[in-house]
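Have a look at the structure below, then the notes.
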Amino acid sequence: MTDTLLFKGIDEPGLNTIDVYLARGGYTQLQRALKMKRGDLITELTGSGLRGRGGAGFPIGKKASFIPKGDMQKYVVCNADESEPGTFKDRELIQKNPHQLIEGLIIAAFAVDATINYIYIRGEYEQQADILDAAISEARDRGIIGENIFGSGFSVELELARGAGAYICGEETGLLDSLEGKRGNPRLKPPFPANEGLFNGPTLINNVETLSAIPSIIELGAEGYAAIGVKDSAGTKLVSISGNIERPGNYEVELGISSREIIYGLAGGPPDGRKIKCWFPGGSSTPVLTADDLDVGYDYDSIEAAGSMLGSGAIIVVDETQSVVELAYKLAKFYSHESCGKCTPCREGTRWTFHMVERIKEGTATPMDLDIMAAVQEQIIGHCLCVLGDAMAMPIGSLIAKFRDEFEAEIEANRNERERKLAAEFAAAEVEIEGISA
Amino acid sequence: MADVQRHVARFTHGSRIPGWDRAADLEKEPAVVPDAATTEVPGELRAAIEDAVRRFPVGDSAFIPALYAVQAQYGWCSPEGIEQAAAVLGRTPAALTAVATFYDMFEMEPLGRKSVYVCTNISCSLVGADQLLAALEEELGEDPDVNLRGFECLGACDIAPMASVDGVYVGPIELGEVPELANQIRQGDDPLPAKQLIRRPCADPKVAEQ
Amino acid sequence: MPRPTEKLVSLTIDGNEVQAPAGMMLADAALKYGDVEIPVFCYDAKIGPPVGACRMCLVEVEGIPKLQAGCSVAVTDGMVVHTDTPTVKAAQEAVLEFILINHPLDCPVCDKGGECPLQDNAFGWGGGLSRFIEPKRHFEKPLALSPLIAIDRERCILCYRCVRYSQEVAEDDQLVLEERGADTFVTTFDGHPYVAPFSGNIVELCPVGALTSRPYRFRARPWDIEQAGSVCTLCPAQCNVSFSVRDERVLRVLGRDHEGVDDGWLCDKGRFAYQAIHVDQRITEPLMRDGGELRPVTWELAIETAAKLLSHAGAKTGALVGGETTNEEGLLLTHLVREALGSNDIDSRPGGALELELLRALNAPTLQASVPDLQYAHAVLLLDCEPVDDAPILDLRLRKGVRHHGVKLLIASSRPSALDERAAHSARFAPGCGEAFAAALGAALAGKPSASLAQAAGADADDVAALAAQLREAGEEVVILWGERLTAGPRRNEGARALLNLADELGLDGRDGGGLLEIPSGTNSRGLRELGVLPNASIGLGDAPTVGRDSQQIGEALAAGDLSALILLHSDPLLDQPSSELWQRALGKASTVIAHAAFLTPAVLEHANIVFPAESYAEKEGTVVHPDSRVQRLRRSIARQGETRAEWALLAELAALLGNDPKALTCSMVSARIFDQVPFYNGLSLDLLGGVGIRWSERQAAASFPGAPSAPFTLDPPPAASSPNGLLRLGSFRSIWASPEVEASPALAFLHPRQRVEISPADAERLGISNGEIVTVASNGDSVNGLAQIRANAPVGTVFLQSSIPQQSAALLGGPMVEVKRA
Amino acid sequence: MAWDPEKDVIEVVRGPQKAGGAGGLYRAFGETLRGLKTTFGQLRMGVDTIQYPEQKIPVYPRFRGRHQLHRFEDSGLEKCVGCSLCAAACPADCIRVVAAENTPEHRVSAGERYAAVYEINLSRCIFCGYCEIACPFDAITMGHEYELSDANRSDLIFTKEMLLAEPIERTPLRAEGE
C-alpha cells in the first residue's frame, strides 16, 4: 500500500488556507506544469491513466485531448455537484483541502487553454462553498488566479457557482444548463461538451476528485502515477463507505484492492457482526452485489466483470436486517423525485416503478407485478436521454433479479396483512351495524 | 330531464401536484419582461443580482444567484421578488420561475426562515433517518419559523443519520439528542457543536498516522 | 451568408438505399426520401434544433450499440439504419406505453381527436395494451391559458414543443415548464395569461389535445370540415393559410407552411380574426343613406343609384383604394375611374404620391430582397418600421435569422422596437425623420460628414457611426427592411432618394441574398402600384397619360369642392390617412361617397351614401402581390355570406352601367388580362401560381420592368427635427391589433387596443405623470386621452400614441409637437 | 417490399368435368330441381296474410330499425357526447352532429361536450348499423322501429329530441323458433 495522495495530511489544521497549503509546497506542481508545453501536459495526463472519478470513468487525458485547439473561448468546469447517494468524498476534499482542487483545476485549464473556469458546487454544501469561495479569493489575492499567473503569460479566471438542489445537475450537460441559468435538463449528445459545452464553447468537465489528483500526477510523473493501482485502473481512489457499517467515512485506497478488505478491513464490516445482504459498489445507481462478490477486486474492470460498476466509488452496505422492498422503495422514490422530466422513459418509468413498489408495500401487488417491474426497468435502460433512468433501472433490476424470493415473500406477507386488516375493519363495521340495528 | 347532475365525480390520484389545477387569470396582463422604469427593486437585491451578473459572460447564468438573493430578501421566491429580479435581469418572470421550481432549495411558498433538512436517502435511512425525521417533526412540526423537510441525499452519509441546519451539517444524531437539537434550532443556537461535520476528522486511519 | 447546400449522402434505411442531403435529421430524411416514417412527438424541424426528449423516434443504427433518437441523428454517408427490428419495436411500444400512462383516453371529446399525432403513433407503433393499472391522474379541465387557448394538463405528454416555441421561436418567454420530473407542467408566471402576438401557434404545435383553441372548441371534428387553402390578407405579410370550413363557415385558420412567406407560423390576428367573417356587425347587404341613416336596400337599387350618382359626378370623382383590394379589383376600379368616369384621381398610397421614377427605382426587380433573405443575410437593417406591428410574421423570421444563422440585426426607428433585444445595434431618431436618418447613414457609409444630418434626424451621431460601421463590417448580403412611412409625408421623395442612395452605397443592386424589402402600409400595396392604381402611373408602372390627384390632394379637392364624389374601396380615410382633420372636412363636403366595406368604420358610418358589402378574404378570389414580389392567389373558400356579391363583378357592372363595359365575365378573365397587360407579369397564369405563388422578379419577364434613374441622387438637406422645447414630439404607430377585423372578432375583443401614451421616465418625472394614470395629449386645440405608460427605453422628448384606432387616435392630433398633461 | 405478381395469383379449383349422359343432365338441372322441391313443398302451407298495420310483423332481436339515442338511467344525462364518430363511420353520410360545451348551469351530458345538434337523415340511412358500432359510449343503438315512411322528406330528418324519445309503439319481437 502506497501513501495517501489525495488525503495526504488532510486533517492538518488550517490546510484550507493558502498559507498552510503553500507551506506544504502547494502550487509548486502548478508552476512546474506552467513550464511544460500544452501537448506534453496532455500526454502526461493521458499517460497517468487517470480515469474520471465522477462515475463514468472516462480517461481524463483523452477527454482533454478532445478539446479543439483554436481561438475560441474554452472552459474548464469542475463538477462539485456531488449528489449520488452514498458519495461524500468530494465534500471532504473541498472542505479540507480546497487549494489542491484549485491547483489541479488550473493545471487542467492550462492544458486545454481555458481562461474562464467554473466550479459548480451543489447548493446543499453551504459551508463547503464558503470555504472554497474563501480559498478562491485567497488564490486570487496571491495572483494564482488572474492575469499572467507565475509569469507564465497564462491568465485564468475561476468562479464558484452554486447549485440549488437537483441531483440531475451532477450530469455533466445538466450541470452546464444549470450553469447557464436554465433548468438543469441534460442535453442531447452529441455534441459533446468537449466540442460544444458551456456557452457553446469547448468545455472540459471533471469531478473534484479527478482534478484534485492532477497535482499528484505532475509530482509523480505519468509513469509514477500509473504504477499505482492495477491495469486500466491507475492511481488511488477515495471510497466513501456508508450504510450498515461500523466505521463509515472516506478511505483512500489503491485501485485493485479487494472489496472485502475495504468493507471489513478498513470500515469494520456491518455492526454487531451482522451479515451483509447486499452492497452497492459505486453509489446507489449501480447494480447491487451480494456477499458472494466481496472478494472482487475494487477496480473499474473487476467490478464491471462482477456485473456492476465502480461509479463514484461509494460503497453502501446493506445488512441482513434490512428489507429489499424498502430499499427499492427508497431508490425509486429518490430517482422519480430527481428525474428532470425531459425524456419520457425516465420521467414516466421512474414514477411508475415507484407506484409499483408502493403497491407492494400497501399489499395490493401480485408477483406478476414483479415481472412488469423488471420489464419496465429493461425498457428504461438505454432508452433515455441521460443515465438517470438507467441509474434507477439498474439497481432495481438487479434487486429484483437477485432477491426475487424476498420480494415475493414480502408481497405475500403484505397482502395477507392487508386482508387481515380489511377483514378486521369489516368485522368492526358489522358489529357497529348490528349495534345500530339492535 | 329528471335529475340533472351538476357535478361529475372524478377520482383523484394520491399525489396531487401543485399548480396543475391552476388556470390563468384572464383579468391579468400578460407577464412580459417587467419594465425597469416602473418596477421598484430594493437596493440590496439589485446589488446582489448585478454582482452575480458581472461574474458570468451571459446574464442568464445569474438566475440561480438572483433567486438566492430573492429568497434571502423575502424568505421565499415570492412573485413580487421574482418580478423584481426579472426586471433587473431583463428577462420574463416566467423564465425565472421555471428555474426556481426546478430546484429543491427554492421555496415557492412562504415557509419558515430556518431551514432544517433531514437526509432520508438510502444510507441515512438504513440507520434510522425516517425515525429521526419523525422525531424532529414531533418537536418542530408546529413551529412556523422552521422549514423542516426530508431531503434527498445531502452528501454526508458518514454521519448518518444527519440533518442540515441552515447549511450546518450535524450527525450522527441519536434520537435522544433530538429535543436538545430542536431547542437549539428554535433558539438559533449552534446545533450540536460536538457533532458538526466540520469538526470531524477523516475516517481513513492512514491520515491519522501521518 | 451561405445557405444550406444540398450535398447528397447515401444511406440504407430498412434495406433500401436512400439519397438524402447531408446534415438532415434521420427522421426527416427517412420520411422524405426513404418512405419510412419514424414516429416523433417532440421534434419539428421548424421549432429549431432537436432536443430528443420524447424518445419516440428510437432507431437502430449499425455500429452504435444503443438505440439512437432518429430526430437528432444527422444522416451520414454509409449509415445503415433499421426502424423495424424487434428491439426498435419494443422500444417504441415501451415509449408509447410510458406516454399513455397519464394520458386520458378521452379522444371522443378531445378536439384533437382524428388529427392527433398521439393517436396516429399509438395506432401505428403502439403495443395496444397497457400494463399500467394504477389510477391515472385527474385534474380540473379545461383551464384557460389565455382568452384564446385552453390547456388540459391531463393530456399533456411533456413534449416541450410549446415551451420551446415560446422560448426559441417567438422568444416571448412567457410559457414555461414548472416543477420537475413527472410533476412538470406547462404554465405561465403566477397565473398571468399567455398573451403574445404569436401565441396561437402552440395550438397547432401541440401533438396531443393539451392545448386547444377556445374559439374552435367543440366546433367540429376533422371529418366534419374541409380544408381550403388561401392567403391571409389582413396584413402585408400575406401568410399562407388554410381555412377549416364547415357548413360554409370558417371555423379555424391553420398555417400552410411556406418557407418563402411565413415559415409555417401565423400571428394571432391571422389565426383568430376569421371570426369577423361571421359576426352580425359585418355588412352583408347593400346599404343606402336614407334620412341620415344607412338602411338596407336591394342590390338593383344600390347599383343603379351608385351608377347614377357617379355618372352625375363624372370626372369629379376621386377614389381611395385600401390595401386589401386584389389586383383584379384594382384593375377594374382603374377602368371604372379612368375609362368610365374620365377621372385620374385615384390613389392607393395613403402618404401622397411618390415620383414615378423613384417608385420604379424602389421596385426594381434587381433590388428586391426576398423574405428568406432576412434569415440568411449577413445583416438586416430595419429602417423606420416595426415588423411585429407592420408585418408580424417577419418578426419571427428575423428572430430565427439572429438565433440560428447569426444575422446581424441593426435597427433604426423612432419608437423602441420589440427586436431591440436581439439587435447588434439600435438607433433612435425623431418621429418622421427617417429621411434625415437614412441620409445621415448614407453619408456615414460614404465617409462623408454625417453629424449635422444626424442632428437633423434628432439622432445620436455616434449611433449613426456605429450603424455604419456595423453595416460595413457585416458582409455583402445586406437587407434593408423599410417601412412605407419612410416615403410618406411631405418629404417622401427625399426619403426615397436617401434610401436609394443608402442601397447604392451598400451595393445592393443586383446582389443575391441582399436588397430592399418594403413593408407597405396595405396588404396588396405592391400589387396595386404595379397595376397603376396611382395618380401618376398606368398599368405596369407605365407613365400616366394624365397625372391625377394623390390621396392628400383628393382630400383637399373634396374639401375645396373641386371633387364631388368619392369611392372608398376597402379604405377608411379617417383610419388610414395621416390627417383626420382634413378628411373630416373633405368627407363633410363630398356629395357622394360610395364605400365598399365590411364594417361600419367611422367614415363609412358617418359619410357614405351607398355602402356595398365587401367580401371577406375567405370569400374572395383573385391575386395579390407580396411585398417581396411574390404573386399569390386567393381562392374562394366559403360561400359569400348574406347577400354579399363579388366585388370585381360589381365594379365591372358599375362600369358597364356607366357606358364602358370592361367585358369581364369571370375573375380569372381579369387575372389573365393582368398577366397579359403588365409586361413583367407576362407568362404568369393562375395555374402557374398554384398554391405557393411565384416571385415575378425572379422570372425572365422581369427584364421588361421599366427603367429608372440610378443612385446616387443629390439630396436636399433635410429640415431639422423640431426640438422639444418643453413640449414633446409626437410619434404614432399602428398596432398589430388595430384593425376592424380584430375589433369585430369576439375572441380577440380583449386585445382591442386602448390608447396608451408611451413616455420616457425622465419626461414623466418632469411632467409629474405616474404610470397608469389618464393623461391628455393636446396639440393645436385637439386632444386625445390615454393611459400613461412609462417605458424605460422610450426616447426622451418623444411621446408615442397609436393611430388607426376608432377612438382617441393619434391621427386626431396635428403634431409635430404636443403637450402632455394629467387629465 | 416490392410487389411480386407471381405470388398474387388466385388459383381456381374446379370440380371434375365428365362428358354427357344422364349424369350430365343431372349436373345441369339438379340444383334447379332441388330448389323447385322447396317451392312446391310450400304450396300446401296455404296463404298467410298478416293484417298490417293492425298486426305488426315481428322482427328478430338483432333487426336494425330506426336509431335511438339513450340517456343514463340514474342521472338522466344524455350518453351522447357529440364526438361525431357515428358521422365519421356513416357510409351514407346521413348523420350530422354539432357539439357544444356543457356548463355547470347547463349540463346535458356527462363529459365536457354534448351534441347540441344531432340529426339523422333517415331518407338516406341504409341501416347498416356502423354508427352503433362506432359509438364509444353506447349512446346510439339501432332500434326495432321500421315504420318510417312519410309524405315529406324533411320530416325524415330526425332531430335529437325525436331520437331520444321512446318509440310510441313497441315493435313486436319474433319469438324463439318463429
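In the text below, chain A, chain B and the rest are named by the order of the sequence lines, each starting its count at 1.
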Steps toward side-chain contact (heavy atoms from CB on, under 4.5 Å) verdict (B:Phe102, A:Ile168): CA-CA 10 Å; B:Phe102 188 86; A:Ile168 192 62; 3.6 Å; yes
Please rank B:Cys202, B:Ala52, B:Gly167 by heavy-atom pairs under 4.5 Å with chain A and give me the top one. B:Cys202
Heavy-atom check, side chain of B:Cys153 versus side chain of A:Phe88, under 4.5 Å: no
Looking at B:Asp204 and A:Lys89, is any side-chain nitrogen of the basic one under 4.0 Å from a carboxylate oxygen of the acidic one? no
What part of B:Pro172 lies closer than 4.5 angstrom to a heavy atom of chain A: side chain, backbone, both or neither? neither
Is the shortest side-chain N to carboxylate O distance from B:Asp130 to A:Lys330 below 4.0 Å? yes
Please classify the contact between A:Arg183 and chain B as side chain, backbone, both or neither, with a heavy-atom cut-off of under 4.5 Å. both
For the aromatic rings, using the six-membered ring if either is Trp, is the centroid distance between A:Tyr118 and B:Phe56 under 6.0 Å? yes
Pairwise side-chain contact, B:Leu197 with A:Gln128, heavy-atom cut-off 4.5 Å (strictly under): yes
So B:Ile64 and A:Leu179, do their side chains get closer than 4.5 Å, heavy atoms only? no
pair B:Glu152-A:Tyr167: side-chain heavy atoms closer than 4.5 Å: no
At a heavy-atom separation under 4.5 Å, does B:Phe151 approach chain A through its side chain, its backbone, both, or neither? side chain
Sub-4.5 Å side-chain heavy-atom contact between B:Asp158 and A:Ser242: no
